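By convention in this document, chain letters (A, B, ...) are assigned in the order of the sequence lines, proteins followed by strands, and residues within each chain are numbered from 1. Since the model is a prediction, treat every value here as computed from it, not as a measurement.
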Amino acid sequence: MDTQNLPVERGSLMKSWQVQRRVIFALLMRETLTRFGRHNIGFLWLFVEPMIFTLGVTTLWTLTQALHGSNLPIAVFAVTGYSSVLLWRNMPSRLIGSIEPNLSLMYHRNVKVIDIFLARLLLEFAGATTSFAALSIFFVTIGWFEPPEDILKVVAGWLMLTWFGFSLAILLGALQELYEFVEKLWHPASYLLFPLSGAAFLVEALPDSAQKVLLILPMVHGVEFVRDGYFGSQFNAVYDLPYMAAVCAIMSLLGLSILRKISRAVSPQ
Amino acid sequence: MIRLENVRKDYSTRNGPVSVLKSIDLTVNPSERVGILGRNGAGKSTVIRLISGAEQPTSGSITRTMSVSWPLAFGGAFQSGLTGLDNLRFICRIYGTDPADKEDFVQEFSELGTYLREPVKNYSAGMRGRLAFAISMVVEFDCFLIDEIVAVGDAKFHEKCQEELFVKRAERAMIIVSHDAHYIRDHCDRAVVLSAGSMHHFDNINDSYDFYTEHRL
């Protein structure tokens with residue numbers, strides 16, 4: 001008898017963690033195959049697609065000399081901004097409606113909705129992060145912008161945006177199972193949030209009244225923090241990380257509790 | 001051992017909750033073969049899914065002290081966009097088994113040849129059945145849950161399945177769900193009958209058979 005197949009219920013927390021890691025890895029591999037297949041460049045699309053997006057936006061903004069309220073090189077502004085948007089905006093899109101196509105996998109006791117969510121989130125995170133890192137290295141190498149002034153700060157800001165993406169995605173992904181209109185609302189919301197998310201402006205360049213309103217949005221703080229790490233000496237970053245963390249924590253708790261509720265009702269097909 | 005105590009399962013519908021199982025008790029010991037008889041919609045598959053842990057009961061408790069398979073059937077638990085081989089690898093990863101030494105077995109048993117590297121959606125129903133059965137035999141469990149396994153493939157393949165399941169795994173516990181009373185009588189030590197959300201227990205298999213056939217349940 002293979003000891004690894006013993007019921008999880010009997011195992012310790014460590015054992016459960018092992019099982020969950022195994023399941024998430026299996027789902028990651030499966031997800032990569034179903035999404036990208038083995039044709040042409042295969043899983044490289046994972047980060048090539050966001051890179052094309054970011055490069056396109058960078059080009060557009062460079063050509064139009066988009067208003068961003070300072071005389072920074074537009075490339076570094078576009079790459080930090082648009083990469084951040086891709087990070088948090090694609091996560092909810094990938095989770096909303098992700099339970100239905102995976103129902104047949106739930107025949108396996110250890111495959112839970114949270115595992116399907118986490119596998120997809122990790123894949124999105126890997127794609128957006130690789131794209132951001134690769135573009136940074138590329139532009140620094142060709143000399144379009146300077147290396148980050150404080151790389152730890154960039155990483156911290158990036159992780160905060162990841163947390164925001166995770167918590168928003170889990171919340172919306174779980175809510176979708178209760179209310180089918182979540183998907184319908186998310187499309188316009190994600191579109192409308194983009195210009196407000198801090199990707200296309202620096203907070204300090206806005207009038208006070210606008211700043212107050214926009215700083216309600218948690219991702220604005222994250223983008224400002226990433227940019228503070230990247231080129232903080234060239235502008236005055238405005239952020240309140242404890243506020244962002246508080247919003248993310250509340251969304252995480254809410255999302256996970258709804259997820260727990262809907263997970264009990266999921267029936268494999 | 002597997003023990004169900006006071007298990008109730010409701011599903012919500014537009015007309016409010018519907019009780020599929022009202023209060024079920026069932027104990028299955030190691031090496032025991034238990035049949036679950038019932039008509040379509042009697043809740044047989046629900047019982048199997050609850051035992052497997054794929055679904056949670058509305059109330060009551062389910063205890064498993066032996067390893068239990070997923071509900072083996074000839075449809076679900078597969079990804080039609082993936083190849084047969086990728087499906088095998090996925091199952092192996094989930095259950096922590098090395099797929100490398102299982103590929104030959106699946107290749108040979110399923111008789112799929114090069115189709116094993118084609119997406120499952122291009123398979124015929126018979127080919128899917130053969131793949132499903134072969135993959136089901138790749139991970140070893142103390143107890144196998146079998147959901148309507150009766151009609152699969154031609155006579156020759158049917159024989160191979162019988163051999164693999166009931167001869168090579170004679171010492172394993174099995175819970176077999178079917179509406180076919182003959183099949184249950186031939187393969188089980190005892191059987192319970194599900195009807196209208198209740199489970200009827202019998203001391204010997206012939207009593208279950210008679211009850212089920214007489215009441216045309």
Task: Stepwise salt bridge (charged side-chain N to carboxylate O under 4.0 Å, His left out) test for B/Glu164 and B/Arg169 - done: CA-CA 7 Å; B/Glu164 196 65 33; B/Arg169 287 170 181 75; 3.2 Å; yes
- [ ] Go through B/Asp86 and B/Arg89 one step at a time and tell me if the salt bridge (charged side-chain N to carboxylate O under 4.0 Å, His left out) criterion holds.
- [x] CA-CA 5 Å; B/Asp86 284 329; B/Arg89 292 188 185 124; 3.1 Å; yes
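For A/Val266, the part lying under 4.5 angstrom from a heavy atom of chain B is the backbone only. Looking at A/Ile24, there are no atoms closer than 4.5 Å to chain B (heavy atoms on both sides), in backbone or side chain. Using a 4.5 Å cut-off between heavy atoms, B/Ile94 touches chain A through backbone and side chain atoms alike.
Ring pair B/Tyr95/B/Phe141: centre-to-centre distance below 6.0 Å. Aromatic ring centroids of A/Phe194 and A/Tyr82 lie under 6.0 Å apart.
With no hydrogens or angles considered, a side-chain donor-acceptor pair links A/Ser252 and A/Trp163 at under 3.5 Å. Using a 3.5 Å distance cut-off with no hydrogens or angles, the side chains of B/Asn87 and B/Gln79 do not pair a donor with an acceptor.
For residues 9-22 of chain B, heavy-atom neighbours of chain A at less than 4.5 Å comprise B/Lys9, B/Tyr11, sorted by residue number.
Paired with A/Arg30 under the rule side-chain contact (heavy atoms from CB on, under 4.5 Å), one option of A/Leu28, A/Thr32, A/Thr34 passes, and it is A/Thr34.
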